[in-house]
Protein chains: 2
Amino acid sequence: MNNPQDVVDFVHNGHKRYLPHLSIDCVIFGYHDQQLKLLLIRYHDQENWSLPGGFVERHEALTAAAHRILYEKTQLTNLFLQQFYIFGDSPTRLNRIEIQNNHNKVYAKANIAIDEDHWLAERTLSIGYYALVDYQEVTITPEFLVEGYCWVDINSVPELQYDHNEIIDRALVTLRSQLYQQSIGQNLLPEKFTLPEIHSLYEAILDRQFDRRNFRKKLLALGLVTQLEERRKIGPHRSPFLYAFNHEIASKPFEEGTMTEF
Amino acid sequence: MNNPQDVVDFVHNGHKRYLPHLSIDCVIFGYHDQQLKLLLIRYHDQENWSLPGGFVERHEALTAAAHRILYEKTQLTNLFLQQFYIFGDSPTRLNRIEIQNNHNKVYAKANIAIDEDHWLAERTLSIGYYALVDYQEVTITPEFLVEGYCWVDINSVPELQYDHNEIIDRALVTLRSQLYQQSIGQNLLPEKFTLPEIHSLYEAILDRQFDRRNFRKKLLALGLVTQLEERRKIGPHRSPFLYAFNHEIASKPFEEGTMTEF
DNA sequence: TTCTAATGCGTTTACTTTACACAATAAATT
DNA sequence: AATTTATTGTGTAAAGTAAACGCATTAGAA
C-alpha cells in the first residue's frame, strides 16, 4: 500500500479479500554487528511503535500468508519463519473505542474515517510469527501509512501499541528455546560460516557468553553443523575452518523438550 | 445445543454472536486405569469422528472461550488448559465443497440446508487447546447434533475429520514437552497423591517406563512436588507417603527449554 | 625473527543421570 | 506369633554430560 488509492481500496474492500478479526504480527529479529535487533514500524499519527503485520487472504494457507506478509515488509523470501502463539486475551484487543480512535488517526492521512462497525474497527486476534533475518538484506518498501521504521536492540524495546510487548516477550522465549533444535541460524549466516561467527550469533540471541571450545563440541555433538575442509582468510590471524548446517538433522520436525530419562 | 430450536438459532444467528472463520478445537486427554485416552465426538451422519470444539464469542477473551467450550463439553471447570497451535494450512480446510457437504449432512437432522455462502461453510482456522481431565469426572451433555462420544486410547486413534489427527499429534508432543515444567498432573490427581500414582500417570503420558527411585529424585529436584508427613492406607502393603504439587514453582510462566550452558 | 591476536583441539573436574540393591512395612497366611 | 508376599522407602556406585581450563597453531604486522 504505497499510495492513497491502495489504502482507500484496502479500507473499502479489504473485508472481501481478507479474513476479518484475524491478523498476523511478525516479530522480525535482525542480526547485525553481533547484536540482536527487532524491526518496528510506526503508523501515521501514532505515538507508539508497532510490530509489522498483515491479514490472511480468504483462501490462502496460513503459513503462506505469513511468508507473504514478511516478503511484503522485508522483500526477503525463504526465511526461517515460525508461528508461536495466538493472542486473544489482552484487554487492549477488546477496547473498541481505543482501536477505532487509533485507526481513525492512521487512516486520516488517506482522508478516510473508520466508523464503529467498520471491519477494521472490530475485535482482532493476532497470530504471532517470528523470523530471523539479516539486518542488512532487508529492503523496506515505504508504505503510505507508515511514518517510520526502526531497528531496536532487543534489550531496549519501548512501550508498543496494544499487546505487542507481550508478543515480543513470547517470541523471544520461543526463539531461545528452539535455538538448538532447529537450524535457526540459516538465514543469518552465509552458507559456509566460521565457528566464531555462529558463536557470536548464539551469544547475541541468548544474551550470554559461552566458552568457545565447549560451544564447538556442543554443536558438533548435536549434529547441527559439519566442519568443512576449507578455511576462510580473515586478515592478520589464523584462518578459521568453515562450517555448514546439516540439513537432514537440522530440519527435523518439532521435538519434545530436552527431557532425558523422563 | 440440546434441541432442534437451539440448532436452528445457532445456524441462523451464530454469525452475530461468534467470530466467523475461527474455531477452537479441544484435545481432551483423559486419564483412567493408568491409560491415556482422548475424547472424540461424532456428529450426525458423519463417518469420521472429530475433536470437540466450539466458537469464540465476539467480545470474549480467547482463554475464556476455551474454558467455556471445555465446560460445555465436560461440565468441568478450572482445568489445566493450554493453547498449543493454530491450524490454517491443511488443504481440507480450504476445500469448500467437502466442508459444505459435511455441514449439510450434519444439519440435515435439524432440517437446515447450509448453502455455499453460509457463515458455517466458510473457511475456518482452528486454535488448538489441550486439556487433561479425569475420565471419570467428565459428564457428557447430549447434544442434538452429536451422534456419539467415545474415549479412545492415545495409541489407537482412528482417522478423524479434516486435519484433526495432525492436531492431536501436535497436542501430544506439546503435552509431553511441558510435563516437567508445568503442574500438568493437577487435574488428574487428588490434592494429595502417592508417588506410585504420579509415577503411573507420567508413564502413561510419556508411554514409557521410568525407574521408581530416580523418578522420585527428579520430581523433588525440580521442586514440582513436596513430600507430606501423612501416609495413605492402601491395603495389604506398606503405606506410601502422600505428596502435593508445589504451586509457587509449578505455576511459573512458560520457560526456555532445558538448555544448560547454551 | 619476534610479537600479537586470533583459532584449533585436548584434558581435567564437576555435576547430572542412570542403574541397581536392600531395608521397611501392611496385611494375609501358616 | 512367625512367615510370606507384594509393595514402598532410601542410599550408593557407575556412566555420561557439561563446564572449566591449558596450550599449541597460525596469519600477518612490527
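The chains referred to below are lettered A, B, ... by the order of the sequence lines, with proteins before strands, and numbering in each begins at 1.
Taking Glu147(B) as the reference, Lys109(B) meet the salt bridge (Lys or Arg N to Asp or Glu O under 4.0 Å) condition, with sequence neighbours excluded. The salt bridge (Lys or Arg N to Asp or Glu O under 4.0 Å) check on Asp89(B) picks up nothing, with sequence neighbours excluded. Listed by chain and residue number, nothing satisfies the salt bridge (Lys or Arg N to Asp or Glu O under 4.0 Å) test with Arg42(A) (two or more places apart in sequence, or in another chain). Among residues two or more places apart in sequence or in another chain, the salt bridge (Lys or Arg N to Asp or Glu O under 4.0 Å) test is passed with Arg213(A) by Asp211(A). Qualifying side chain to side chain contact (heavy atoms under 4.5 Å, CB included) partners for Ala65(A), counting only residues two or more places apart in sequence or in other chains: Ile24(A), Val56(A), Glu60(A), Arg68(A).
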Output one line per pair: protein atom, nucleotide atom from nucleotides 10-14 of chain C, and distance, for all N/O pairs under 3.5 Å.
| residue | atom | partner | partner atom | Å |
| --- | --- | --- | --- | --- |
| dT11(C) | O4 | Lys217(A) | NZ | 2.9 |

Which pairs, protein N/O on one side and nucleotides 26-30 of chain D N/O on the other, fall under 3.5 Å?
| residue | atom | partner | partner atom | Å |
| --- | --- | --- | --- | --- |
| dA27(D) | O4' | His237(A) | O | 2.8 |
| dA27(D) | O3' | Gly235(A) | O | 3.4 |
| dA27(D) | N3 | Pro236(A) | O | 2.7 |

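For residues 194-204 of chain B, the pairs satisfying salt bridge (Lys or Arg N to Asp or Glu O under 4.0 Å) are Glu197(B)-Arg232(B), with sequence neighbours left out. The stretch residues 154-164 of chain B participates, sequence neighbours left out, in these salt bridge (Lys or Arg N to Asp or Glu O under 4.0 Å) pairs: Arg93(B)-Asp163(B). Pairs of residues two or more places apart, or lying in two chains, that qualify as salt bridge (Lys or Arg N to Asp or Glu O under 4.0 Å) and include a residue from residues 220-231 of chain A are Lys192(A)-Glu230(A). Pairs engaging residues 146-173 of chain B under the ring pair (Phe, Tyr, Trp, His ring centres under 6.0 Å) rule: Tyr135(B)-Trp151(B) [sequence neighbours left out].
From one end of the helix from dT1(C)-dA30(D) to dT30(C)-dA1(D) to the other, with five pairs defining each end axis, the axis direction shifts by 30° (rounded to 10°).
For the OP1/OP2 pair of dT10(D) and a distance below 4.0 Å, the side-chain nitrogens and oxygens of Gln227(B) include at least one atom meeting the criterion.
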